[in-house]
Amino acid sequence: MSRRLMLSFCILALIVLGMVVAMLAIGGRPDPVGPAIALDGTWRFHPGDNPKWADPQIDDRSWDRLDLVSLPGNRDDDVGLPGWLAGWRAHGHPDLEGYGWYRRRVTLPAQGDLVLLGPTMVDDGYAMFWNGQPIGGIGKLGSDPKVIGARPFLAALPRFAGQRDGVLAIRTFMQPGLGRNRISGGLRSVPTLATAAFGERLYRAQWMRTIAGYIVEIALPVLMVLLAGAALAVAPSTARPNFARWLAIALVATACLRLGNAISAWTDLLDASTLDRQNAVVLSPLAMFAWTAAWNALAEGRDRSVVLGCAVAAWVARVVGAIAHLAVLIATARIVFIILFAAIAVRIAVRGERRMLALATMSLIAIALFVNELAQLGIPTIWFPFDIGVTLTQYAYALSLLLLPLSLPRVGVSRDREEGE
């Protein structure tokens, strides 16, 4: 990569990262204060699914009583959304998946147009009913449910003149098979009742926080794809063309992996099951394999083919493990990749050119790829600058993008030597 192209990319990366910081600061501002009531407190809950449970006249006194109260400062451990609650598994239904219904009677202000802001955190989709009438929700429920990332939702609340209360019913669905913990299930925050004018303001603030929560997952893929294009463009002129080509594949696979999170959170284009399958079966194994192959191509030594063969075997094991839901096989494959990374790092440290740069960049990529193993060691993997979650993986990739262009200039080995090894 020419100095001018490298400098241009680094300047662009710094500008993009600066814009990300500004978006985090804007999205992390506290919600506006005004005429709004969070509908926390006691709700009735029933596992299962029955459309008749939307009827305000049914007797729900035999249903479970759930106290849904979020303490001040409670936020989710991903984006940092306020109002976090434990789900139905923490309220007496530890094995429940699929459908569950919530109901409560809501007292209305004496007058004025009202809106209902849907819960911003739900496992995984929901539909709301006001006095038996559907008023909307997130995701597609029914015989073939498709759930997406929970996001802000605003609905007008119809009422007759003089009406002082009504029954709000919420049908929720938790997608089976996505790997849940002991506090998952159903409502993870509560709806909010607000005046129409203030509800619009609060809705916009919620969207700004949601956008900020995933803005890194847009910025990083954009930079990764640009750098991948640059790597392919300069590959023929480098002494390690295979490194540049594998680097491009790794960057594109990682970009697609990260981008799916934002698409699922902001749009209806990617449902939760599809996102989980494409990440577990295709993108995550491919990214891990391609990064291993790239660093292997950069390292000196005649044992590259052995390392590459082991990487192929580990990649196949990860794919098979994901398809067959064999957690042991997936874990074993990840351990093999960790060992391969360590072996490559030793080769670079002993015989590599630009070894300090290569090892620093490779370490950042390893941190991003093996963040689950770091979490098991008790290492923090997420922080909340401006009250918006930014993961260790995102930090590591951001820093690596500033160092990777420095690895693309012609290295100190001739192409003749490269071809003779």
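Keep in mind that the numbers below use all heavy atoms, side chains included, and drop hydrogens, waters and symmetry copies.
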(message) Quick check: Phe341 with Phe370 (ring centres under 6.0 Å apart)?
(response) yes

(request) Can you spot which of Thr120, Asp268, Thr210 makes a side chain to side chain donor-acceptor pair (under 3.5 Å) with Arg151? (result) Asp268

(message) Under a plain distance cut-off of 3.5 Å, with no hydrogens placed, do Ser184 and Trp88 share a side-chain donor-acceptor pair?
(response) no

(request) If a pair satisfies side-chain hydrogen bond (donor to acceptor under 3.5 Å, both in side chains) and one of its residues is in residues 370-383, list it, with sequence neighbours excluded. (result) Arg334-Glu373

(message) Quick check with a 6.0 Å cut-off and a 45 degree axis cone: is Arg65 positioned over the face of Trp43's six-membered ring?
(response) no

(request) Ignoring hydrogens and angles, state whether a donor on the side chain of Gln175 or Asp124 is under 3.5 Å from an acceptor on the partner side chain. (result) no

(message) Rounded to the nearest 0.5 Å, what separates atom OG1 in Thr42 from atom CZ in Arg104?
(response) 7.5 Å

(message) Any salt bridge linking Arg171 with Asp49? Criterion: basic side-chain nitrogen under 4.0 Å from a carboxylate oxygen.
(response) yes

(request) Tell me yes or no: between the side chains of Arg347 and Asn296, is some donor less than 3.5 Å from an acceptor? (result) yes

(message) Taking the ring of Phe45 and the ring of His93, is the distance between their centroids below 6.0 Å?
(response) yes

(message) Whether the His91 and Asp67 side chains hold a donor-acceptor pair (N or O, under 3.5 Å, no angle test) is what I'd like checked.
(response) no

(request) Please report the closest heavy-atom contact between Ala297 and Trp246, naming both atoms and the distance. (result) CB-CD1, 4.4 Å

(request) Please find out if less than 6.0 Å separates the ring center of Trp101 from that of Trp63. (result) no

